[in-house]
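What follows is a short report on a single structure.
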Amino acid sequence: MTQVMDYQLFINGQWTPGDSGETMDVINASNQEVVARVPRGNQKDIDRAVASAKETFESGVWADKTYEERADILRTAAANVLKNKNKLAYLESLTSGSTIRRTMAIDVPAVADALKNVANWLYELPMLEHGMCLPWYIPQHSYYIREPIGVCAGIVPWNFPMILAAWKFAPALAMGNSIVMKPASITPVTLLELAKILYDSGVPAGAFNVVTGPGSSAGNYLVQHPDVGKIGFTGSTEVGRHIAHLAADGIKRVTLELGGKSPVIVLDDADLDMASSLCLHAFLYHSGQVCESGTRMLVPRAMQDQIVDLMIEKIKGMKIGNQLDPASDLGPIASAEQLETIMRYVDIGKKEGAQIAYGGNRMQGEQYDKGFFFEPTIFVNCNNQMTQVREEIFGPVQCVIPYDDLDEAIAIANDSPYGLGGSVCSTNATRAQWVAKKLRTGTVWINTHHMLRPDAPFGGYKESGYGRENGYYALMAYSEVKHVCQSLTNDASRYRYFRVIGLAR
Ligand code: NAD
């Protein structure tokens with residue numbers, strides 16, 4: 001029996017009890033044990049956090065630091081994240097169902113990388129640019145400065161709680177903003193831990209606040225708060241659309257990273273071993289609970305059986321089990337609700353006539369019965385009109401669509417409301433790049449999938465969102481640009497702008 005950890009909100013550099021006194025349970029998806037409790041934050045908690053963020057912003061204690069000073073603090077934070085790697089990885093795995101092998105190898109280092117990357121960018125960015133002196137007006141000097149927006153709101157889902165949060169707070173803080181973050185209700189713990197680490201690393205009180213609570217109340221109120229100027233949101237397209245409407249009313253800046261249904265196109269020259277591994281990795285990483293999962297697999301008709309047979313052979317070699325066991329390749333689905341969604345889509349697929357080549361069931365047996373485990377599932381002979389092929393399932397379900405020629409495959413790949421990611425598997429670099437050019441998605445991988453870098457822009461085309469996270473693009477998204485124009489003359493008689501209304505002749 002795990003001891004239940006009690007957390008408070010992190011506001012103004014301090015652990016702060018929630019206003020209502022109510023709490024939300026956080027569970028381990030492998031056995032449904034309650035492992036932590038966090039406050040059910042309400043509007044008063046959001047008001048306190050936003051007020052603290054605003055006061056810190058306006059005081060200049062963070063925003064007015066030089067970029068070198070901010071970069072130093074963010075690098076210290078990155079080092080401290082790595083010092084706490086074991087604890088953070090354990091808590092992330094415990095509460096999100098992510099395998100401990102992955103949180104140790106990928107998630108915690110990725111948070112440190114996000115901080116280091118923005119710190120490095122601060123030295124590369126043109127914080128100040130100069131305009132040309134235009135001789136036909138007046139002697140003048142124009143310069144353009146990058147400035148923080150003010151108070152930002154960061155709202156994140158439950159699948160990669162730390163990484164997706166870092167992609168918001170790292171660029172927001174780097175540019176001198178303050179931020180209030182709201183994690184998903186089921187995975188709030190590691191963001192609270194990160195808040196303390198950043199504060200201990202020198203990020204001043206109020207610059208980084210975390211309020212836990214339901215999205216429909218606390219999150220909804222946060223994005224409408226009049227003192228919030230920028231919203232960074234990752235989550236479903238449905239909630240993203242709602243947030244875009246709310247943000248439009250307040251003319252707030254918004255970055256939306258939403259859902260996906262990414263295609264994986266296997267070309268007829270692909271290596272079969274590579275293609276089968278790539279197609280598995282594309283839909284089984286974090287048991288398919290990834291926004292850019294490759295879950296529409298387009299294969300030449302003649303290759304479908306061979307590749308699927310290889311995939312099934314490889315699945316049989318995978319260990320599915322408790323996420324805290326370093327031997328587990330795949331862990332549980334993150335919640336009962338998500339498990340139900342997956343099972344519902346699998347039923348729909350069966351009813352619509354897709355054939356199951358492997359899986360399709362909730363896992364049973366002593367080590368699975370108390371948790372939310374679902375078999376890796378492969379549907380074959382799908383077409384792109386089937387519900388489970390068009391809609392995001394967010395689970396370990398691959399839909400194989402056989403194709404007859406490459407133009408058809410590209411047309412099918414692009415026939416989706418989403419446009420987040422996609423991949424191409426080929427031994428011919430030129431053909432692969434040609435396909436990459438044709439895909440209408442924010443990221444295209446060639447002979448790989450899921451490879452996201454802290455310096456590479458990440459975001460969606462179409463209903464997968466707008467704006468880009470990471471690197472230079474994120475820093476632009478968390479800043480305003482100001483033009484300062486200074487006349488270099490005090491001689492009003494030479495001022496052509498005055499002449500147009502007769503002030504000078
Ligand atoms: P969700 O949209 O239900 O919730 C995301 C966050 O928004 C949560 O913190 C939630 O509490 C909050 N929220 C919910 N309603 C809100 C409201 N009315 N106002 C403000 N905040 C609100 O998504 P989820 O179920 O947590 O995550 C899964 C979804 O996230 C999938 O659709 C997936 O594709 C998407 N996702 C996208 C990316 C990306 O980078 N594009 C990455 C990961 C996940």
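Any value given below was found using the heavy atoms of this structure, including those in side chains, with hydrogens, waters and symmetry copies removed. Both ligands and their constituent atoms are indexed starting at 1 by order of listing. No experiment lies behind these values; they were computed from the predicted model shown.
- At under 3.5 Å, a nitrogen or oxygen of Lys182, whether backbone or side chain, sits near a nitrogen or oxygen of ligand 1.
- Taking every non-hydrogen atom of Thr234 and a distance limit under 4.0 Å, the qualifying atoms of ligand 1 come out as 5 (C), 36 (N), 37 (C), 38 (C), 39 (C), 40 (O), 42 (C), 43 (C), 44 (C).
- Given atom 9 (O) of ligand 1, the protein heavy atom at minimum distance is Val156 O, 2.7 Å.
- Geometric assessment of Lys196 against the ring of Phe10 yields a negative cation-pi assignment under the 6.0 Å and 45° thresholds.
- The aromatic rings of His225 and Tyr221 lie perpendicular to each other, with more than 60° between the two planes, well past the 30° mark.
- Close approach to Leu258 involves these atoms of ligand 1, each under 4.0 Å from a residue heavy atom: 34 (O), 37 (C), 38 (C), 39 (C), 41 (N).
- Between Tyr7 and Trp15, the ring planes are perpendicular. Angles over 60° get that label, and only those under 30° would be called parallel.
- For atom 13 (N) of ligand 1, the nearest non-hydrogen atom of the protein is Gly215 CA, 3.4 Å.
- One finds no salt bridge joining Lys370 and Glu33 here, because no Lys/Arg side-chain nitrogen approaches an Asp/Glu carboxylate oxygen to under 4.0 Å.
- By the 3.5 Å distance cut-off applied to N or O atoms, Ser236 is counted among the residues near ligand 1.
- In terms of protein heavy atoms, atom 24 (P) of ligand 1 is closest to Trp158 NE1, 3.4 Å.
- The shortest contact between atom 15 (N) of ligand 1 and any protein heavy atom is with Val239 CG1, 3.5 Å.
- Where the criterion is an N or O separation shorter than 3.5 Å, residue side chain and backbone included, Glu469 fails it with respect to ligand 1.
- Close approach of ligand 1 to Cys291 is summarised as follows: ligand atoms under 4.0 Å from at least one heavy atom of the residue are 34 (O), 36 (N), 37 (C), 38 (C), 39 (C), 40 (O), 41 (N), 42 (C), 43 (C), 44 (C).
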Would Phe394 and Trp158 count as a ring pair (Phe, Tyr, Trp, His ring centres under 6.0 Å) here? Give the steps.
CA-CA 12 Å; Phe394 227 56; Trp158 44 261; 5.3 Å; yes
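- Of the heavy atoms in Glu392, only side-chain atoms (C-beta onward) come closer than 4.0 Å to ligand 1.
- Scanning all protein heavy atoms for the shortest distance to atom 35 (C) of ligand 1 gives Gly235 O, 3.1 Å.
- Contact analysis puts Pro183 in contact with ligand 1, with a non-hydrogen atom separation below 4.0 angstrom.
- When hydrogens are left out, the protein atom nearest atom 27 (O) of ligand 1 is Pro157 CB, 3.2 Å; that is the closest non-hydrogen contact.
- Looking only at atom types and distance, the side chain of Ser293 has no donor-acceptor partner in the side chain of Thr295 under 3.5 Å away.
- Between Leu191 and Ala165, the shortest heavy-atom distance links the atoms CD1-CB, 3.5 Å.
- Using a 4.0 Å cut-off between charged side-chain N and carboxylate O, Arg101 and Asp329 make a salt bridge.
- Protein heavy atoms are found less than 4.0 angstrom from atom 21 (N) of ligand 1.
- Remark: the Thr387 side chain and the Glu352 side chain contain an N/O donor-acceptor pair separated by less than 3.5 Å.
- What sits closest to atom 18 (N) of ligand 1 on the protein, heavy atoms only, is Asn220 OD1, 3.0 Å.
- Residue-level proximity to ligand 1 for Leu420 is carried by the side chain, the only part with a heavy atom below 4.0 angstrom.
- The proximity of Glu292 to ligand 1, defined as any non-hydrogen pair under 4.0 Å, does not occur for either the backbone or the side chain.
- Annotation for ligand 1: atoms under 4.0 Å from non-hydrogen atoms of Leu164 are 42 (C), 43 (C).
- Short contacts between ligand 1 and Ile155, defined as distances under 4.0 Å to a heavy atom of the residue, involve ligand atoms 6 (C), 7 (O), 9 (O), 12 (C), 20 (C), 21 (N).
- Heavy-atom separations between Phe160 and ligand 1 are all 4.0 Å or longer.
- By the 3.5 Å distance cut-off applied to N or O atoms, Val223 is not counted among the residues near ligand 1.
- Residue Asn159 approaches ligand 1 through these ligand atoms, each under 4.0 Å from one of its heavy atoms: 43 (C), 44 (C).
- Here is the list of ligand 1 atoms found below 4.0 Å of a heavy atom in Phe458: 40 (O).
- For Lys319 and Asp325, the salt-bridge test passes: some basic side-chain N is under 4.0 Å from an acidic carboxylate O.
- Among all protein heavy atoms, the one lying closest to atom 33 (C) of ligand 1 is Phe394 CE1, 3.2 Å.
- Between Asp347 and Arg344 there is no salt bridge, since no side-chain nitrogen of the basic residue lies less than 4.0 Å from a carboxylate oxygen of the acidic one.
- Between Trp121 and Tyr472, the ring planes lie tilted relative to each other; the angle falls in the 30° to 60° range.
- No side-chain donor from either of Ser93 and Gln323 sits under 3.5 Å from a side-chain acceptor of the other.
- Lys168 and Thr234 share a donor-acceptor pair across their side chains, judged by distance under 3.5 Å alone.
- Every atom of ligand 1 is numbered from 1 in the order shown, and the set under 4.0 Å from a heavy atom of Ile243 is 20 (C).
- With hydrogens and angles left out, the side-chain atoms of Asn42 and Ser20 include no donor and acceptor closer than 3.5 Å.
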